[in-house]
Structure formats: C-alpha cells, structure tokens
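Here is how names work: the chains are called A, B, and so on, in the same order as the sequence lines, proteins then strands, and each is numbered from 1.
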Amino acid sequence: MIEAPSWRYTPALAEKIELKWQKRWAEEGCFYAANVEGPLTDGQGRHADGRKPYTVLDMFPFPSGKGLHVGHPLGYIATDFVSRFKRMQGYNVLHALGFDAFGLPAEQFAIATGQHPRKTTEENIANMRRQLSRLGLGFDPRRSFATTDPEYMKWTQWIFARLYSSWYDPEFSRPDGGRGCARPIEDLILQFESGERRSKKPWEKMSEREKSGVLNSFRLAYISDSFVNWCPGLGTVLANEEVTREGKSERGNYPVYRKRLRQWSMRITAYADRLLEDLDGLDWPETVKAMQRNWIGKCEGVKARFACPGGDAEVFLPSPSLLFHPSFLVVPSSMAPSLPEAWPEGCRKEWEEGSPSPRHLFASFKASHPYPLAHSMDGVFSGLFAEVAGEAVPVFISDYVSEPHLGSEGEEDAKFARIHSIDSSPSPESLPTEEEAAKWAEKEGIGQKERRYRLRDWLFSRQRYWGEPFPIVYSEDGVEHLLPDSALPVRLPSLPDYRPESFEPEDSSSMPQAPLSRSRDWVEVELDLGDGPKKYRRETNTMPNWAGSCWYYLRYLSPKDDSHFVNPEEDRYFLSAFHNPSSGALGGVDLYVGGVEHAVLHLLYARFWHKVLYDLGYLSSREPFFKLFNQGYVQAYAYTDSRGQYVPAAGVESRFEGGKEVFYFEGEKVNREFGKMGKSLKNMVTPDEMYEAYGADTFRVYEMSMGPLSESRPWNLKDVSGSQRFLQRLWRNVIDEETGEAKVSEEMDSETSRLLNKTIEGVTLDMEEMRPNTAIAKLIVLNNRLTSLPSTPRAAAEAMVKMLFPIAPHICEELWEKLGHASTLSFTPWPEAGKVEEEEVTAVVQVDGKVRCRLQVPPSIGAEDLEKLALDQEAVRQWLGGEDPAKVICRPPKIVSLVSRSGRKEK
RNA sequence: GCCCCCGUGGCGAAACGGUAGACGCAGUGGACUUAAAAUCCAUCGCCUUUUGGCGUGCGGGUUCGAGUCCCGCCGGGGGUACCA
C-alpha cells in the first residue's frame, strides 16, 4: 500500500491551513475598518487618514434556531470577496455583520423550546458566528451587535421619537434645493400659536386633547384606527395574503374577522414623490426599481369589477381617478369580506335591512368615524372589487390621493371635495364606457398627478412580546406622551408567559391582545414629565421587525457611540456623496447585497427613515444604499418514495438506465423533485458538513462558480469535486507534494505570459462586475495551462494566487507564504495586466446569415482587405452562386457578412 | 388577480446583436497500476456515410445576422404590506 504524499492538499490539510489563517487574520485585525477618529482604527492602529472608504453591506441575518444551510452564506461569500478585492485595491473597507434578532420566528422558536427568546437568540447568534468565521468570512468583529441589545434598542426608540416629533412640510425647502422637508413638530405648534396656520377652532381655545388630535394628524409617526385581519383561533393578526378567499386563516383554517384597532402608523405617503424620484439615480437592478415604482404607485389604469344585480360587469379605467366618477361605488377589496361587520352600527343596521342608500351610508359612516377617511380606510385599491359575498355592495368613493395633512378631527373641507356620493347602486347599463369615462376625467381636470394611489401609510404596531417597546405613555385622559430621551431605552419586562392569547375560533367579539398588557407592574408607571409626578399607562404594542432593520447599517459606523445613533464625522466619511462621487448627489453605502425578496418593503422602509433623518439634519446622504445587488437562492433536489414520503436526499444514489438518470434509495426507486432547501424536504446540507468534507475554500469556490451570482441555482453535491480538483491542481502546480516546498521556475514562455495577461484583464473586470463564476473559469483555464508546463513560472503562480485570494483566501495565503512572502495577501496590490498582443484572430465569413468559412487574420486587418480576402475564398464564391454579393457588411477583424443575390430575392 | 424575474447538452452553466455550448460535473476511450483509487491524455448537443442539415420553452416579428431586441403564449420562481 502506497501512502499519499504528506503534502497533498487533502481536506485535513485544508482545515489546518484554514484555521491557521483565520487565527492570523483575527490577530492582525485584517478586517478592521479605520474610523476617522475615536478608538476604532485599522489593524495597524491607524485612522482613516483620507483613505478612500468602501462600505459593503449584507442584509443582516435572522438568527434562526434551525441553523444555516449552504444557501445562507452565498451572499456573505460574495461580500467577502468584494471586501478582499477592494482591500487589495487600497480601500478602507467597512464590512460588518449584526443580527436581526427580534421578530416572530424568534418568539415562536422560543415558545416551541420553552425558553426565553433572549436566551435562544443569543445561543443562535453564537452558533452562527462560529459557522461564518469557519468559512473565513471577514467581518469587523468590533462592529457587530444584535437589534435586541438594549444599547441598540435605545437608538431605535430614539429614532421613533424623532419621527413622532416631526411633521412633513411639503412647502419647506431643503438644503439640497428640493422642496418638502421633515421639520420639528415645535415649528408647527408655533405656526398655530402665531396664527400663521389656522385651525377650524382657534388654537388657544382647544383643549390639550384637541391639540393632541390636531398634531397627531401631522406627525410622521402617528396613532390612528386601522383595520386588521384578526384570527381569534390563532390569537394573531394575519396579512391579507395569509387569509383565504373564504375568509379563513391559511394556517389552521380558522375564521378571520376584520377589526378596527388603534395603532401606530408611519406617514411614508408623505415621502412618496421623493422615494420615487431618487430611485432614478441609484445603481440598483432595474427590476427592483420597477417593483418599487409600481409599489409607490404609478399605474396605467385599473380594471374594476362590479358585482351588480344584473350580472358579474368589468370596466377598464385608464386612470384610477375615474373611480371618482359618480357612477362608481368602490370599496377596498381588503374590506370587502366582512364589510358590514367592520362598519359602524348605523350602517350595519341599514345593511342588514337591505338596499341602503349609499349616500346615507356614506354620511353615517363619516359621522361616526372620528378620523379622516383617507387614513382610516386602508386604501388598497389593487383589487377594486365592489362585491361582498358575491352580492352587489353599497360602497363609497374616498379620496385616496395622498394628502398627508388632511386636517384634524371632524374637520370637513377640501379633503372631501372629490368624494362623490350617489343615489343608487350601479347597474351594468349605468356604467360609463371607457371613452365616456376618459372624457369625464378630462372635463373634471383629473390628470396624471392623481394616478398615484397605492402606497399607503405603514402600519407600525404589533401585538407581540418580542419587539421594541414604544417610548410612549398615556395619561389618564387618554392623551399620549413621548418619553424624554433620558428615559431610553424602554426595556421589555420579563414576562413568564409571553405567548399571544388565543380565543375560541368563533369568538368574533374578541380583540387582539398585546402580551405586554399582562405585565401590570410594567404598564402602570408614575412619572414626572415636567408637570409633577402623575400616573401613566405604557403603550403595550411593540414595533415590527422592520424597525431594527431600518437603520442597522448606520450603527456599524460607530457601534459604541452612546451620544449619537451614528457619529456625524463617520457618517460624512463613509456615506456621504462626497466620498462616493459615483453616487451623484445621493450617497449611501457603496454596495448592498441581499435577496430580492426585500425588493420592496425593507428597502422602501429603510429609504424612508433615511430620508427623514437626512431632513432633520442627522445624515449627510439622501439615500441609504447606493448600489444594490440581489443574489439568487440555493435550491435543492428532494426525493419522494412510492408513497410520496420524502426520503433523505443524502442517501439517494443515481444510476444510468437506458441513458437516463434514475434514482434509488435503499434499493427502491424514488422520484426527484426540486424546491427549497430545508429540514422538511430532508435535503438540507449545512456548511459544517461541507468544510469538514472538503474545506472552506473548496466550498467557497464551488458556491461562487455554480452560476451567475444573481441567479438561483440547484445545489449539486457531485459538482463540488470540480472545485476541489481545481484547488488541488493549483496546489500541486506550486508545491512539491513530497517536501511541501514551493517549486517554481523564474522563466515564463510567451504563450503563458500572453494567457496570464489576458486572464488578469478578464478576471479584474469580472471581479468588479461581481461575476465570480466567469472569473473562476478563467483562472481554471490559466491553471490548466500551468499544469501542462514542466514547471510553473513564479510570476504566473504569484498573480494566480493574488487573483484567487478574494474567493479562496486560505489556500492562497499559504501558497503566498510558501512562495517566500511574510505579509498577508489582504493588502497586497491587485495584479495589473500587461499588454496582450494577439498574432492572429479568427474571422468568420457568413453568406446569407450562415457561417461558410473561417479565416486566420491579423487583428489589425482593415475592412477592405478583409472583404477582399473573404471574396477570394473558393467556398465563398460557390455559396454566392458565382455572382457578386448584393450586400456586404464588414466588421473587421471578426465578421464579414455577405448577402447573395438569390438570398435577397427570397426575402 | 396584480407587480418583477427566469427558461441554452444527461446536469450546473458560458456567449459587447456577430464562430452557440467557455469552464465544471457525469459519461466514454486510453496511459499508469497485479488491481482499484488518485493522476494524466483524448472524446463528449442531435441527425447524416459525406458535402451538410437541425438545434437556446412554444408561435410570430425586426435585422445582413437573434440565446440576446419587440409582440403573443406556456412553464417555473420571488413579492403582494403582521415571515423577514
């Protein structure tokens, strides 16, 4: 038996090398980004000192109890290679990773395992950190945090406080020259007090409660009544999507009721124009921009369906504004399923008695409804069904055009000017034709501006335990008060039972309960808010998960600053447009990588907060994320047996029968499916299994070579050996497997030199454009060339190792060291390509669109020479049928395209 | 339903509107081995004996030339506001 050479690149050796370099990177602070000032310096103790910053950002992970599968690191490997590439180019790279640790899954995992969510999330975070660092992913460890940390939560609440204390003035000019700006609510109060702005009732005659109501209708974070889908059986509120057509919960099939709840909202509609306009300048995938544009609300028209007594009628409206046409009665589709239930008593009674007058209904609805309709009716017009339980419905037309400041309670003025009421339900005959509708719109002066409608304000309250508490208390008269900044953070009380309270599934009178309301000691507090000690009740709703994820990228810049949520100096250095000139006037992080599933909500909410903080003078950039890149998903095969049960994918063997691949599990034939990777499909592969079996570098190369980073791809374990062979071959080309010493020659032939330069040129471009798959293919071509040589030229080996370093950093560091270099590759300059001179290139000659002949020509050949050369070819003359070509297109040195006379005639 | 994306060999894929299938996996043949593994070399879309013909989900169109651009379908994925 022959022993393997002692210096073969085996998984065991790979592990040894990987742990060695991971330790060394940590010791040398290779991933430390340098701040402008303060304690955070780079590994050499230097501040930024004018170096160019480059900020790389991942959509930070949710520390799930299920652990990572091989799909999770895809985006992190991508940001790691970009970070390493940029470091080699001399940038001061900021790359950190925090954890998004509040939220429903964390709460549910904790409930399922009978532990406190703080404990489970901490354990999950520790496990995730271990997995990620074993893959050699370089994050600045000093800048990591979880959204649940009290120090972080404090600033999330502080930002909420700023939103609550601000209003949007559409007329106010911003420093950047634009119109419309968030301003402190004090400015508004001054306007009311001075009479510059008038309210219906004189300001000085209003009670505190009335004033509070008026201000509430201006605040960017405000309280109002909103409708939710309440499922007593589950004890939770559901998204529309989670409710079936029959009005049951998707999970459990329990009844769902429409409930009006007093909740917090964010006035994102005030920023609709700016969110739309600033998209243009961002370096985002056009598809994501398109999704945001559609979400915010440009639309070319709507289809409206009306269930009428005389039949089920559909009309196309070129503008949603046409819904204001007197013939139409429209109700948001989301309200339809339980409309009578959701409506006030008077309306419901009429409804039950049959065929109420819509005008009457509308009037009584409005009278009994304390808030402006544009707010209280959630303006989902995407469906536009005027049908309830299959019947024609009385509906009203509301003005859903975003007007952030509709005025105070009961105020009735211009805001309802475009609301029309009608006297009878529509019949198909009474509906206008498209033409009539368009004519009417013209007459009424309804134009493009009114087309925007979709976007609605952001519902910001959750009836859950595991989220940020609001910094809000209520006095005994029901008026809300903001807690002073000195009272932050408001911590969650420890609650023995934090589960949501569920009810009898049919209990339609039940209401969603906030778990925090059970903690009496916490809810009832005595505070001195400036007018002596008084009793207050705390707000018991919590914030949604989005809150923490809206601003985490800012905290990376100055994670320990306890007097600012982000240090202004660091903000100006890392994020301002000045330091990122390519971003135009917008600024923001240089690169944001994450899944496309966040294309709308997260990215829209974060942009909104960023803009508010910019308006208020806390930030220097108008946009948070200048460049966005969406990586694809890793999917996997799953296998079912004859009974349709999933079998462990790892135990499935494939055989070839009759030229076709068939699959067996324990001798039984199984069927192959394709889907998400996870425990339920028994097809989960973890990074731990991968680095144990192959090493982290092989895993990284495989993930980056599977296909374009932006595309989803199936996991195929068999293919990993290709990446492993590539690294082994590279190792063997540089290292003597018997001695472990480098074996390189100092000479290089011209063919290898030419290929090397071509490779450097191509790989550099691929790395810049985030195409690691084609970069790796080019490096394999170069490596295959090196394999064919009697010995590897040193210059080729060194360039190769530098170019592969961002993707397979450990093996490259080891090779670099064995080649005689003492310092890490982390800051070694990226190789530059020399001139590539081709002696000959292949030109193709096409006749009537088909390739008929190939020619070897010098790359500098002119059009006339190339054409002449092509027409001299015997084969070409034959295909032309002996005649002159009818047309010649010549693109030297690659293409000559000839059209024959007969070919032209056929056309 | 609505919005966005994707569809190329047995498989993962490559291809500024210009030689379709780079690179990798699997397969096939060979070298080396007592043998196997590993390694190295060759081959590898389909049809045809060949000249050649056909091929990028389907049907049209634009173009000298279409995987790529346009129109209409079919199939798959993501989002749809309380999963994040």
Identify, between A/Y605 and A/T787, the residue whose nearest nucleotide on RNA chain B lies closer to the 5' end.
A/T787

In whole Å, measure the gap between the P atoms of B/A31 and B/G24 for me.
23 Å

Which nucleotide in the set B/A84, B/A14, B/U39 lies at the smallest distance from any side-chain heavy atom of A/P708?
B/A14

Taken to the nearest whole Å, CZ/A/R454 to P/B/G79 is 18 Å

Mind calculating the distance between CG (A/N545) and C1' (B/A84) to the nearest angstrom?
6 Å

Qualifying residue for side chain to side chain donor-acceptor pair (under 3.5 Å) with A/Y633, from A/R713, A/E597, A/E711
A/E597

For nucleotides B/U34 and B/G21, find the distance between their C1' atoms and express it as a whole number of Å.
41 Å

Can you measure A/N124 atom CG to B/A84 atom P for me and round it to whole angstrom units?
15 Å

Between CZ of A/R8 and C1' of B/A37 the distance, given in whole Å, is 10 Å

For a quick check of understanding: with a heavy-atom distance under 4.0 Å over all strands, which category does A/F726 fall into, base, sugar-phosphate or nothing?
nothing

Please work out if A/Q263 contacts a base, only the sugar-phosphate, or nothing of the nucleic acid, heavy-atom cut-off 4.0 Å.
base

Just compare B/A13, B/C4, B/C82 and give me whichever is closest to any side-chain atom of A/T287.
B/C4

Among the candidates B/A84, B/C25, B/C64, find the nucleotide nearest to the side-chain atoms of A/K887.
B/C64

Is it true that a side-chain atom of A/Q292 and a backbone atom of A/A599 form a donor plus acceptor pair closer than 3.5 Å?
yes

Ignoring backbone atoms, establish whether A/R462 has a side-chain N or O less than 4.0 Å from OP1 or OP2 of B/C82.
yes

Side chains of A/W551 and A/T156, donor plus acceptor under 3.5 Å:
yes

Has A/R499 got more than 12 heavy atoms of other residues, nucleotides or ligands less than 6.0 Å from its CZ?
no

Checking all strands, does A/H602 fall into the base, sugar-phosphate, or nothing category for heavy-atom contacts under 4.0 angstrom?
nothing

Closest nucleotide among B/G12, B/G52, B/C83 to the A/R852 side chain:
B/G52

Can you tell me if A/R729 touches the phosphate of B/C40, counting only side-chain N or O atoms and a distance under 4.0 Å to OP1 or OP2?
yes

Contact class for A/L459 (heavy atom, under 4.0 Å): base, sugar-phosphate, or nothing?
base

Pairs meeting criterion side-chain hydrogen bond (donor to acceptor under 3.5 Å, both in side chains) with involvement of residues 774-783 of chain A, two or more places apart:
A/N733-A/N783, A/D766-A/T774, A/D766-A/K778

Check whether the side chains of A/T842 and A/Q856 place a donor and an acceptor atom closer than 3.5 Å, and report yes or no.
yes

Is the shortest side-chain N/O distance from A/N716 to OP1 or OP2 of B/G12 below 4.0 Å?
no

Consider only side-chain N and O atoms of A/Q463 and A/N541, and report whether a donor and an acceptor are under 3.5 Å apart.
yes

Would you indicate what A/A239 reaches in the nucleic acid, counting non-hydrogen atoms under 4.0 angstrom: base, sugar-phosphate, or nothing?
sugar-phosphate

Have a look at A/P885 and say if it touches a base, only the backbone sugar-phosphate, or nothing, with a 4.0 Å heavy-atom cut-off.
nothing

Rounded distance in Å between the P positions of B/A26 and B/G12
15 Å

For nucleotides B/G67 and B/G55, find the distance between their P atoms and express it as a whole number of Å.
10 Å

Rounded to whole angstrom, note down the P distance from B/G76 over to B/G65.
35 Å

Closest of B/A13, B/C4, B/C82 to the A/M291 side chain is B/C4

Which comes earlier along RNA chain B counting from the 5' end, the contact point of A/F102 or that of A/R725, where each point is its nearest nucleotide?
A/R725

Closer than 3.5 angstrom, by distance alone: can the side chain of A/R852 be matched with the main-chain N or O of A/V876 as a donor-acceptor pair?
no

Round to a whole Å and report the spacing from CZ of A/R293 to C1' of B/G79.
17 Å

Tell me the interatomic distance from A/D719, atom CG, to B/C25, atom C1', rounded to whole angstroms.
4 Å

Please encode protein proximity along nucleotides 66-72 of chain B as a string of B, S and -, counting only heavy-atom distances under 4.0 Å.
-------

How would you label the contact of A/P544 with the nucleic acid (heavy atoms, under 4.0 Å): base, sugar-phosphate, or nothing?
nothing

Got a list of side-chain donor-acceptor pairs under 3.5 Å for residues 719-729 of chain A, not counting sequence neighbours?
| residue | atom | partner | partner atom | Å |
| --- | --- | --- | --- | --- |
| A/S721 | OG | A/K718 | O | 2.9 |
| A/Q728 | NE2 | A/Y9 | O | 3.1 |
| A/R729 | NH1 | A/N784 | OD1 | 3.3 |

Closest to side chain of A/I780, choosing from B/C25, B/C3, B/C23:
B/C23

Fit a plane to each ring of A/W458 and A/W609, take the angle between them on a 0 to 90° scale, and name the class: parallel (under 30°), tilted (30 to 60°) or perpendicular (over 60°).
tilted

Calculate the interatomic distance between A/W466 atom CH2 and B/A84 atom C1'; express it in whole Å.
16 Å

Say we look at B/G30 and B/A36: how far apart would their P atoms be, to the nearest angstrom?
12 Å

Does A/K718 place a side-chain N or O at less than 4.0 Å from the phosphate oxygens OP1/OP2 of B/A26?
no

Separation between OH (A/Y271) and CG (A/L604), nearest 0.5 Å, reads 13.0 Å

Protein within reach of the bases, or only the backbone? For nucleotides 16-22 of chain B, mark each nucleotide 5' to 3' as B, S or -, using heavy atoms under 4.0 Å.
--BBS-B

Pick base, sugar-phosphate or nothing for A/Q108, based on heavy-atom distances below 4.0 Å to the nucleic acid.
nothing

According to side chain to side chain contact (heavy atoms under 4.5 Å, CB included), who are the partners of A/P892, at least two apart in sequence or on a separate chain?
A/I861, A/A863, A/L866, A/C890

Without decimals, in angstroms, what is the distance between A/Q292 CD and B/G78 C1'?
15 Å

Euclidean distance for C1', B/U56 against B/U8 (whole angstrom)
4 Å

Taking A/L275's backbone N and O only, do any of them form a donor-acceptor pair with A/R607's side chain (distance below 3.5 Å, no angle check)?
yes

On the nucleotide B/G24, are OP1 or OP2 found under 4.0 Å from the side-chain N or O atoms that A/N784 carries?
yes

Donor-acceptor side-chain pairing of A/D100 and A/S549 below 3.5 angstrom
no

Over all strands shown, is A/S461 touching base, sugar-phosphate only, or nothing at heavy-atom distances under 4.0 angstrom?
base

Using a cut-off of 6.0 Å, state whether more than 12 heavy atoms not belonging to A/K289 lie near its atom NZ.
yes

Inspect the surroundings of CZ in A/F629 and state if more than 12 heavy atoms from other residues, nucleotides or ligands are less than 6.0 Å away.
yes

Does B/C23 have its OP1 or OP2 closer than 4.0 Å to a side-chain nitrogen or oxygen of A/R785?
no

Determine the interatomic distance between C1' on B/A66 and the same-named atom on B/U50; round to the nearest Å.
30 Å

Looking at every strand, decide which applies to A/W546 at a 4.0 Å heavy-atom threshold: base, sugar-phosphate, or nothing.
base

What does the 5'-to-3' dot-bracket notation of RNA chain B look like when only Watson-Crick and G-U wobble pairs under 3.5 Å count, and pairs to other strands show as |?
(((((((..(((.....[....))).(((((.......))))).(((....)))..(((((..]....))))))))))))....

